[in-house]
**Q** 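Encoded as structure tokens, here's the structure I'll be asking about.
Every value quoted in this text rests on a predicted model; they were computed, and no experiment measured them. Hydrogens, waters and symmetry mates play no part in the numbers below; they use all other heavy atoms, side chains included.
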Amino acid sequence: MVEISLPLSISYQTKGVTPIADVVEALQATDAISRDAISLLPSLIDGLEIARCDVGIKRISQESPLREVLFLTLFVTFQDDLSREVPLLLEELFETSFPEKYETIATVVFMVVVFYGVSFARDAALKTIEDHSLRKMLNGLLQELSQDTGKSVDQIMDILKAKFEKPTAVKRLLRKSRSFFLPSKREENAPLVVDRTDIPTSVVRDVPMVSGIEEASDFDRYEAYSDVQLEIHAMDRDKSATGWAAGMSRTMLKSVSGDAADFMVMRLDPTGQPAHHFVGRGVFPMR
């Protein structure tokens with residue numbers, strides 16, 4: 001077993017003294033996100049096993065700018081089937097001098113988790129999927145992580161979706177990723193720097209801080225489709241429920257009402273029931 005310490009530096013470009021309560025909430029969020037990021041490393045680096053991880057504070061400055069320096073301590077081992085032939089990535093990983101490249105991997109994974117969370121939060125707040133600045137930031141980080149690990153962007157996204165598959169996990173990530181930005185949000189969306197990654201005001205501004213998002217959303221993951229054929233029927237035909245349901249290739253739309261109905265054309269048959277098929281566009285839960 002080998003012990004490896006990875007530094008994580010976060011600098012909020014605030015101008016005054018940050019309230020202690022905000023510092024504590026942001027630190028707790030950083031701790032939770034760091035542990036999520038560390039737990040993803042074995043899926044991103046083939047052959048890596050993490051026996052234990054610790055997150056500790058090396059230095060913190062509450063004055064302008066607010067700066068936090070943490071150490072992520074990993075206790076790692078090899079998988080048995082790789083004991084004779086270790087991939088190059090792990091070979092470099094276990095050198096006495098830890099390569100700067102792999103310090104960067106840990107930081108990028110941390111940032112991917114942060115922006116995966118706030119992108120989800122913004123989509124939930126707007127109730128639509130947009131190519132906003134948070135998603136653009138996430139896409140750039142995914143490309144960087146793909147180059148560093150050799151995993152494709154699609155593979156990394158699959159790993160993230162599996163990690164945060166349950167609604168309880170998504171709600172927790174949503175709260176923590178928003179809290180991570182709290183010191184900046186309190187001070188007119190002040191920019192911040194995570195190691196060498198700049199997060200400008202224009203990006204911080206898009207982080208939603210609306211309370212109650214996690215209670216008002218169902219947190220199924222959705223993908224957008226256009227020009228698809230749907231089958232709709234009254235929900236009470238299947239069970240004791242009201243409203244309408246729609247299906248596309250056995251994938252059920254959670255509900256069709258309100259905003260969703262604005263772009264759906266419904267044709268009724270002589271009995272008053274909607275026609276079985278119509279062409280429209282919408283968002284569907286991924287199953």
Side-chain angles (χ1 to χ4, degrees), residues 4-15 18 22-41 44 53-74 98-122 132-149 156 160 163-164 173-209:
I4 301 173
S5 293
L6 308 177
L8 178 64
S9 174
I10 303 166
S11 180
Y12 299 89
Q13 303 302 300
T14 53
K15 296 179 181 179
T18 305
D22 291 352
V23 175
V24 170
E25 186 170 342
L27 278 172
Q28 289 175 333
T30 300
D31 177 80
I33 294 168
S34 296
R35 294 180 187 279
D36 283 336
I38 290 169
S39 72
L40 292 171
L41 289 178
L44 296 167
C53 72
D54 296 323
V55 181
I57 299 174
K58 181 179 180 181
R59 184 170 66 254
I60 184 168
S61 171
Q62 190 185 0
E63 297 180 356
S64 175
L66 169 62
R67 190 175 182 208
E68 304 167 357
V69 180
L70 299 88
F71 270 102
L72 316 181
T73 303
L74 314 183
F98 191 74
E100 183 178 347
K101 175 181 177 182
Y102 302 113
E103 292 181 7
T104 302
I105 288 179
T107 302
V108 174
V109 175
F110 175 87
M111 295 301 297
V112 163
V113 173
V114 168
F115 279 95
Y116 185 78
V118 290
S119 293
F120 203 115
R122 185 163 180 83
H132 42 69
S133 66
L134 303 176
R135 191 167 303 284
K136 290 177 180 176
M137 192 85 179
L138 173 62
N139 291 339
L141 290 164
L142 288 170
Q143 290 288 348
E144 183 177 350
L145 187 58
S146 176
Q147 293 174 2
D148 287 341
T149 62
I156 297 171
L160 287 168
K163 171 69 177 177
F164 302 107
L173 175 62
L174 185 149
R175 289 192 295 269
K176 294 303 181 182
S177 60
R178 288 162 55 212
S179 294
F180 173 78
F181 288 96
L182 185 59
S184 290
K185 297 295 289 185
R186 295 284 198 208
E187 196 167 311
E188 300 180 351
N189 301 305
L192 64 152
V193 181
V194 180
D195 284 346
R196 291 181 293 275
T197 301
D198 293 318
I199 305 175
T201 293
S202 59
V203 173
V204 178
R205 186 181 294 115
D206 279 351
V207 176
M209 298 302 287

**Q** Rounded to the nearest 0.5 Å, what separation is found between the OH atom of Tyr12 and the CG atom of Leu182?
**A**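 Rounded to the nearest 0.5 Å, the OH-CG separation comes out at 8.5 Å.
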**Q** Measure from the side-chain N and O atoms of Arg122 to the backbone N and O of Asp206, and report whether any donor-acceptor pair falls under 3.5 Å.
**A**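 Yes; at least one donor-acceptor contact below 3.5 Å.
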**Q** Testing the basics here: between Gln13 and Pro65, what is the closest heavy-atom pair and its distance to 0.1 Å?
**A**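 Closest pair (atom of Gln13, atom of Pro65, distance): CA-CB, 4.1 Å.
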**Q** Is there a side-chain contact between Thr18 and Arg186 (heavy atoms, below 4.5 Å)?
**A** no
**Q** Quick one: closest heavy-atom pair of Ser202 and Ser133, and the distance?
**A**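 Shortest heavy-atom separation between Ser202 and Ser133 comes out as O-OG, 3.8 Å.
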**Q** Do Val55 and Leu8 pass the side-chain contact (heavy atoms from CB on, under 4.5 Å) test, and can you show the C-alpha distance, the side-chain angles, and the key distance before you say yes or no?
**A** CA-CA 10 Å; Val55 181; Leu8 178 64; over 6 Å; no
**Q** State, to 0.1 Å, how close Ser39 and Lys163 come at their nearest heavy-atom pair, and which atoms those are.
**A**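 Of all heavy-atom pairs spanning Ser39 and Lys163, the closest is OG-NZ, 3.0 Å.
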**Q** Verify side-chain contact (heavy atoms from CB on, under 4.5 Å) between Leu160 and Leu40, making sure each step is shown before the conclusion.
**A** CA-CA 8 Å; Leu160 287 168; Leu40 292 171; 3.8 Å; yes
**Q** Are any side-chain N or O atoms of Thr201 and backbone N or O atoms of Asn189, one a donor and one an acceptor, separated by less than 3.5 Å?
**A**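 Yes, Thr201 side chain to Asn189 backbone: donor-acceptor pair under 3.5 Å.
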**Q** Should the pair Phe110 and Phe180 be assigned to parallel (<30°), tilted (30 to 60°) or perpendicular (>60°) ring geometry?
**A** perpendicular
**Q** Mind checking the OG1-CG spacing from Thr107 to Asp195? Nearest 0.5 Å is all I need.
**A**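 Rounded to the nearest 0.5 Å, the OG1-CG separation comes to 4.0 Å.
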**Q** Quick one: pull up CG in Leu6 and CG in Leu70 and give me the separation to the nearest 0.5 Å.
**A**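 Nearest 0.5 Å value for the CG-CG distance: 11.5 Å.
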**Q** Compile the donor-acceptor pairs under 3.5 Å between side chains in residues 25-35 and protein atoms, sequence neighbours left out, one pair per line.
**A**
from	atom 1	to	atom 2	distance (Å)
Glu25	OE2	Ser179	OG	2.8
Thr30	OG1	Ala26	O	2.9
Asp31	OD1	Arg35	NE	3.4
Asp31	OD1	Arg35	NH2	3.4
Asp31	OD2	Arg35	NE	3.2
Ser34	OG	Thr30	O	2.7

**Q** Return yes if some donor-acceptor pair links the side-chain N/O of Ser119 with the main-chain N/O of Tyr116 below 3.5 Å, else return no.
**A**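 No; judged by distance alone, with no hydrogens or angles, the pair does not exist.
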**Q** Are the side chains of Ile199 and Met111 in contact, using a 4.5 Å heavy-atom criterion?
**A** yes
**Q** Could you list the donor-acceptor pairs under 3.5 angstrom formed between side-chain atoms of residues 136-145 and any protein atom two or more places apart in sequence or on another chain?
**A**
from	atom 1	to	atom 2	distance (Å)
Asn139	ND2	Arg135	O	3.3

**Q** Can you check side-chain contact (heavy atoms from CB on, under 4.5 Å) on Val118 and Phe181, steps first, answer last?
**A** CA-CA 10 Å; Val118 290; Phe181 288 96; 3.8 Å; yes
**Q** Tell me, with the steps shown, if Ile10 and Leu66 meet side-chain contact (heavy atoms from CB on, under 4.5 Å).
**A** CA-CA 8 Å; Ile10 303 166; Leu66 169 62; over 6 Å; no
**Q** With rounding to the nearest 0.5 Å, note down the distance linking CD1 in Ile38 to CG in Leu74.
**A** 5.0 Å
**Q** Hey, does Asp198 have a side-chain heavy atom less than 4.5 Å from the side chain of Pro191?
**A** no
**Q** What I'd like to find out is whether the side chain of Glu68 reaches to under 4.5 Å of the side chain of Ile57, using heavy atoms alone.
**A** no
**Q** Counting distance only, does the side-chain N/O of Arg178 pair as donor-acceptor with the main-chain N or O of Val207 below 3.5 Å?
**A** no
